[in-house]
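Please read these numbers as outputs of a predicted model, since none were measured by experiment. Residue numbers start at 1 and run along the sequence shown.
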Amino acid sequence: MPKTSKHSVKQEAHDMRQHDKLFIGGEWVAPAGTGTIDVISPHTEEIVGRVPDGTAEDMERAVAAAREAFDHGPWPRMTFAERAEVIGRLAAVYNERQGEMAQLITEEMGSPITFSNLAQAPQPLGMLQYYAELGKTFQQEEQRPGLFGPITVRREPVGVVAAVVPWNVPQFVTMTKVAPALLAGCTIVLKPAPETPLDAYLLAEWAAEAGVPAGVLNIVVAGREVGEHLVSHKGVDKVAFTGSTAAGRRIAAVCGEQLKRVSLELGGKSAAIILDDADLAASMGFLSMASLMNNGQACVAQTRILASRNRYDEVVDAIAGMVSSQAVGDPADATTGIGPLVAKRQQERVEGYIKLGMDEGAKIVVGGLDRPYDRGWYVAPTVFSGVSNDMRIAREEIFGPVLAVIPYEDEADAVRIANDSDYGLAGTVWTADTEHGMEVARQVRTGTYGVNCFMLETNAPFGGYKASGVGRELGPEGLNSYLEYKTISRLG
């Protein structure tokens, strides 16, 4: 059992959350350095939190704690069912307080509270519940007949895991790694993004309350350089990363040089194919979530809208109406559909792409460069028409509420355009004929697809083709990436 001594959390007049410790080895410990990270509200541009800025020395300490817990602690030596019981306790704590987690994520990164209540907190909880249930019956060893005698196939944890997560859906991405890694028997060093560290502190409190053993989950918030120190550490057996494709390539190179296990969930530029028989009015209700979720800051967002030339103007009008109907404003307001972007640099990046689209010759139908508010990192939700698939706004991940409507000649051309991308993470098709939609789905080279919907299921694999990543998360496939398989043959 970890020590549960409370670290310092100061709630100031303007509701600033200040943490002064790191969670290492089951304890709240003082950081090695004096640097701090300010958490800025994307809505007010005011400081809402402050946490220690982890150093390489802190990461050394965290890896050592995880290494000790793995090499000598009870966690990897428990049965799957015993670990599942602990995960179930963590899920129970999470369930009781998921509303608190949703509010906190909205506060630190600007996700609309409706989306936080729908996905930012419930989906991580669902992953814990799924793996807790899977662990009840998952077998460590399997017997098979061999040529000369029986064979035992044994599943063992891969070791110490470095989990590096981004800011957009921080708990969702954290749990795609932490939940299966825990069930596998791994120990973990979690590095949250500096923009959104507060939710990880809440998770640490809950893990201690649930009785996760000391050293099994260690959390150090830090920047890129310290993150690279963690990734390249010889004491780490596997890296699980979600983030940009550029960062993923760097991490893959480091892990490849060390022959270290790695899984990468990276960027996307997903296409929504609207077939001519689609009910546009019905489709828009679902497509608004698929394309604009989390203020457009989602790797799976359907930001390329493919419409046939027969209905192109009609589709553009429908998309424009759907985007225009979204209330833009305070993410804590339940009526808000689109909130601010996470940081000023992200606001400037997205506005740069809007300007680029204009320069490339695309036409702005809705939105543009006029900011909705003087304060907060808001961008006007924008729809481009007249987009060709070779434009940069159609090829590069913008990570904001910017949609490009691209014409196609026929269905084969639509599939070709959908596949003409460096990415292959997600996608959808919208049609009155569901069975025909399934035929289209089978032709698009992407990891997660929807017919008249888009969902991520906890019991099914999630990941990407091409530059969208390596490996799969969620489902039993997500557990497999944290296991090593050992074959034992014997005679007699």
Y373 meets the ring-ring contact (aromatic ring centres under 6.0 Å, His included) criterion, sequence neighbours left out, with Y378

Sequence neighbours excluded, the answer for ring-ring contact (aromatic ring centres under 6.0 Å, His included) partners of F286 is none

F384 side chain reached by V402 side chain, heavy atoms, under 4.5 Å: yes

For salt bridge (charged side-chain N to carboxylate O under 4.0 Å, His left out), just list the numbers for E360 and R392, CA-CA rounded to whole Å, side-chain angles, deciding distance to a tenth of an Å, and then say yes or no. CA-CA 8 Å; E360 288 183 305; R392 286 179 60 190; 5.5 Å; no

Could you report the tightest heavy-atom contact between V323 and P381, atom names first, then the distance? CG1-CB, 3.5 Å

Could you tell me which residues satisfy side chain to side chain contact (heavy atoms under 4.5 Å, CB included) with S116, sequence neighbours excluded, listed by chain and number? A102, I105, T106, S111, I113, Q120

Tell me, yes or no, whether the heavy-atom count around E435 atom CD, taken from other residues, nucleotides or ligands under 6.0 Å, exceeds 12. no

Pair Q443, Y449: side-chain N/O donor-acceptor within cut-off below 3.5 Å: no

Over all heavy atoms of both residues, which pair between S270 and L425 is shortest? Give the atoms and the distance, please. OG-C, 4.4 Å

List the residues meeting side chain to side chain contact (heavy atoms under 4.5 Å, CB included) with Q129, not counting sequence neighbours, and say none if there are none. A91, L125

Side-chain donor-acceptor distances from residues 456-465 under 3.5 Å, at least two apart:
none

Using the salt bridge (charged side-chain N to carboxylate O under 4.0 Å, His left out) rule, collect all pairs that involve residues 278-295, keeping only residues at least two apart or in two chains. none

Any side-chain heavy-atom pair from N117 and Q98 closer than 4.5 angstrom? no

Which residues pass the ring-ring contact (aromatic ring centres under 6.0 Å, His included) test with Y353, sequence neighbours left out? none

Side chains of R472 and N480: do they bring a donor and an acceptor to under 3.5 Å? no

Run T152 and E142 through side chain to side chain contact (heavy atoms under 4.5 Å, CB included) and show every step you take. CA-CA 6 Å; T152 298; E142 172 192 338; over 6 Å; no

Tell me, which pairs form a salt bridge (charged side-chain N to carboxylate O under 4.0 Å, His left out) where one or both residues lie in residues 168-192, sequence neighbours left out? K177-E473

Set of side chain to side chain contact (heavy atoms under 4.5 Å, CB included) partners for K486, sequence neighbours left out: R154, E156, I488

Under the criterion side chain to side chain contact (heavy atoms under 4.5 Å, CB included), I'd like the reasoning laid out for R155 against Y482: C-alpha separation, chi angles, the key distance, then a yes or no. CA-CA 10 Å; R155 302 172 178 91; Y482 293 92; over 6 Å; no

Would you list the pairs meeting salt bridge (charged side-chain N to carboxylate O under 4.0 Å, His left out) in which at least one residue belongs to residues 237-255, sequence neighbours left out? R67-D237, E228-R250

Classify the side-chain pair Q302/T428 by whether it contains a donor and acceptor separated by less than 3.5 Å. yes

Restricting to side chain to side chain contact (heavy atoms under 4.5 Å, CB included), what partner residues turn up for P197, sequence neighbours left out? V39, V51, E108, V221

Taking only residues at least two apart or on different chains, which pairs with a member in residues 324-340 satisfy salt bridge (charged side-chain N to carboxylate O under 4.0 Å, His left out)? none

Taking the side chain as every heavy atom from C-beta outward, state whether L341 and P401 have any atom pair closer than 4.5 Å. yes

Pair D433-T431, side-chain donor/acceptor within less than 3.5 Å: no

Flag if over 12 foreign heavy atoms under 6.0 Å of CZ, R445: no

Walk me through whether K363 and M358 qualify under side chain to side chain contact (heavy atoms under 4.5 Å, CB included). CA-CA 6 Å; K363 177 186 174 184; M358 297 165 63; over 6 Å; no

